[in-house]
Asker: 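So that we are looking at the same thing, I have put the structure below in structure tokens.
The figures that follow rest on heavy atoms only: side chains count, while hydrogens, waters and symmetry mates do not.
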Amino acid sequence: TSLDPATAPAARYADLEVPRARMADLAGAIEAWVGRVRAHSGNMAVLYVCGHGLSDEKMTAFVTEDRDENGEDEINGLVDIDGFVARMARVPSAQQLLFFDCCRSRMRLRLADARVIGETFLKQLKMPEPPPRQMAVFATSLGDVAVGRADAPSLFAESLLRTLDHAGASARSGSWQVETGDLLTN
């Protein structure tokens with residue numbers, strides 16, 4: 001039997017409740033997160049997204065649980081990752097690290113507007129001065145699959161954690177630690 005995405009309970013991971021990847025839940029979470037990022041222009045935004053993704057031509061989308069692949073709206077349940085990244089570049093903050101651990105498998109969508117592949121959840125803001133230093137990192141190339149594993153971190157997540165353990169770390173305070181302010185400078 002399959003779960004109804006609209007009523008499925010939150011998932012649990014490491015004794016934490018993880019909200020479901022539904023459009024309404026994402027909208028609220030993104031709004032709250034961006035509000036915290038915007039609270040101070042010196043903030044660093046770090047985002048890690050893991051899930052299913054697809055691409056059409058040169059655009060990438062994150063697929064939510066409530067996507068209806070048989071529905072009339074081709075972009076229902078899709079989050080436009082490229083549009084999200086572009087709009088995040090206008091959110092006042094010092095630095096932004098955006099990690100997308102999802103496939104970018106090719107899928108032929110019949111899009112009415114070839115520039116839009118889903119929802120971005122963000123308003124089009126004025127470009128802040130100075131603009132944030134932004135880096136978006138994808139688990140795979142456009143058109144390819146990402147590698148997930150049962151009962152283990154994805155290959156991308158494992159590589160990211162190993163990198164943060166070493167390249168993003170410093171021993172200024174005596175022990176090796178990853179300092180968020182060093183992630184774009186080391």
Asker: Kindly give the heavy-atom pair with the smallest separation between Ala146 and Cys103, and that separation in Å.
Answerer: N-SG, 3.2 Å
Asker: Asn43 side chain to Val37 main-chain N or O, any donor-acceptor pair under 3.5 Å?
Answerer: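 Yes, Asn43 side chain to Val37 backbone: donor-acceptor pair under 3.5 Å.
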Asker: For a quick test of reading the model, state the closest non-hydrogen atom pair linking Phe62 to Cys50 and the distance between them.
Answerer: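 Scanning both residues completely, I find the closest heavy atoms to be CE1-O, 3.9 Å.
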Asker: Which distance, rounded to the nearest 0.5 Å, do you find between the NE2 of His52 and the CZ of Arg67?
Answerer: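 One gets 12.5 Å once the value is rounded to the nearest 0.5 Å.
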Asker: Linking I/L/V/M/F/W/Y whenever any side-chain heavy atoms sit under 4.5 Å apart, do Leu78 and Met107 land together?
Answerer: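 In one cluster with Leu78: Met107, yes.
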Asker: Ignoring hydrogens, what is the shortest heavy-atom contact between Ala89 and Pro128? Give both atom names and the distance.
Answerer: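 Looking at all heavy atoms of both residues, the closest pair is O-CD, 4.0 Å.
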Asker: Report yes if the side chains of Arg87 and Gln124 come closer than 4.5 Å at any heavy-atom pair, otherwise no.
Answerer: yes
Asker: Please report the interatomic distance CG(Leu54) to CD1(Ile117), rounded to the nearest 0.5 Å.
Answerer: 5.5 Å
Asker: State, yes or no, whether a side-chain contact exists between Val49 and Phe84 at a heavy-atom distance under 4.5 Å.
Answerer: no
Asker: Can Phe138 be reached from Leu97 by stepping across I, L, V, M, F, W or Y side chains whose heavy atoms are under 4.5 Å apart?
Answerer: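 The answer is no; the residues belong to distinct hydrophobic clusters.
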Asker: What distance do Leu122 atom CG and Arg90 atom CZ have between them, rounded to the nearest 0.5 Å?
Answerer: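 Going from CG on Leu122 over to CZ on Arg90, the span is 12.0 Å.
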Asker: Any chance you could measure Asp56, atom CG, to Asp80, atom CG, to the nearest 0.5 Å?
Answerer: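 Nearest 0.5 Å value for the CG-CG distance: 11.0 Å.
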Asker: Compare every heavy atom of Trp33 with every heavy atom of Val46, then report the nearest pair and how far apart it is.
Answerer: O-CZ2, 3.8 Å
Asker: Taking all atoms of both residues into account, what is the closest heavy-atom pair of Ser105 and Val145, and its distance?
Answerer: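 Heavy atoms of Ser105 and Val145 come nearest at OG-CG1, 3.2 Å.
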Asker: Answer yes or no: is there a donor N or O on one side and an acceptor on the other, between the side chain of Asp66 and the main chain of Met23, under 3.5 Å?
Answerer: yes
Asker: Could you go step by step and tell me if Val34 and Phe121 meet the side-chain contact (heavy atoms from CB on, under 4.5 Å) rule?
Answerer: CA-CA 10 Å; Val34 169; Phe121 296 112; over 6 Å; no
Asker: According to a 4.5 Å side-chain heavy-atom criterion applied to Ile, Leu, Val, Met, Phe, Trp and Tyr, with indirect links allowed, do Met88 and Leu125 form part of one hydrophobic cluster?
Answerer: yes
Asker: Quick one: does any side-chain atom of Gln134 pair with a main-chain N or O of Leu98 as donor and acceptor, under 3.5 Å?
Answerer: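 Absent.
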Asker: Provide the full list of salt bridge (charged side-chain N to carboxylate O under 4.0 Å, His left out) pairs with a residue in residues 25-51, sequence neighbours left out, each pair given once.
Answerer: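 Sorted result for residues 25-51: Arg22-Asp25.
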Asker: Would you say Gln96's side chain and Val91's backbone share a donor-acceptor pair under 3.5 angstrom?
Answerer: yes
Asker: Is it possible for you to say whether Phe100 and Ile30 belong to one hydrophobic cluster, with membership spreading through side-chain heavy-atom contacts below 4.5 Å?
Answerer: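 Phe100 clusters together with Ile30.
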Asker: In Å and rounded to the nearest 0.5 Å, what is the CZ to OG distance from Arg108 to Ser55?
Answerer: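 So the CZ of Arg108 and the OG of Ser55 are separated by 9.5 Å.
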Asker: Mark yes or no for whether Asp101, through its side chain, and Phe156, through its backbone, hold a donor-acceptor pair below 3.5 Å.
Answerer: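 Answer holds: no.
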Asker: From Gln95 CD over to Ser93 OG, what is the distance, rounded to the nearest 0.5 angstrom?
Answerer: 8.5 Å
Asker: Taking Thr60's backbone N and O only, do any of them form a donor-acceptor pair with Asp82's side chain (distance below 3.5 Å, no angle check)?
Answerer: yes
Asker: Taking a hydrophobic cluster as the set of Ile, Leu, Val, Met, Phe, Trp and Tyr residues connected by side-chain heavy atoms closer than 4.5 Å, whether directly or through intermediates, do Met44 and Phe99 fall within one such cluster?
Answerer: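 The answer is yes; both residues are in one hydrophobic cluster.
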Asker: Determine the minimum heavy-atom distance between Gly42 and Ala94, stating which atoms define it.
Answerer: O-CB, 3.6 Å
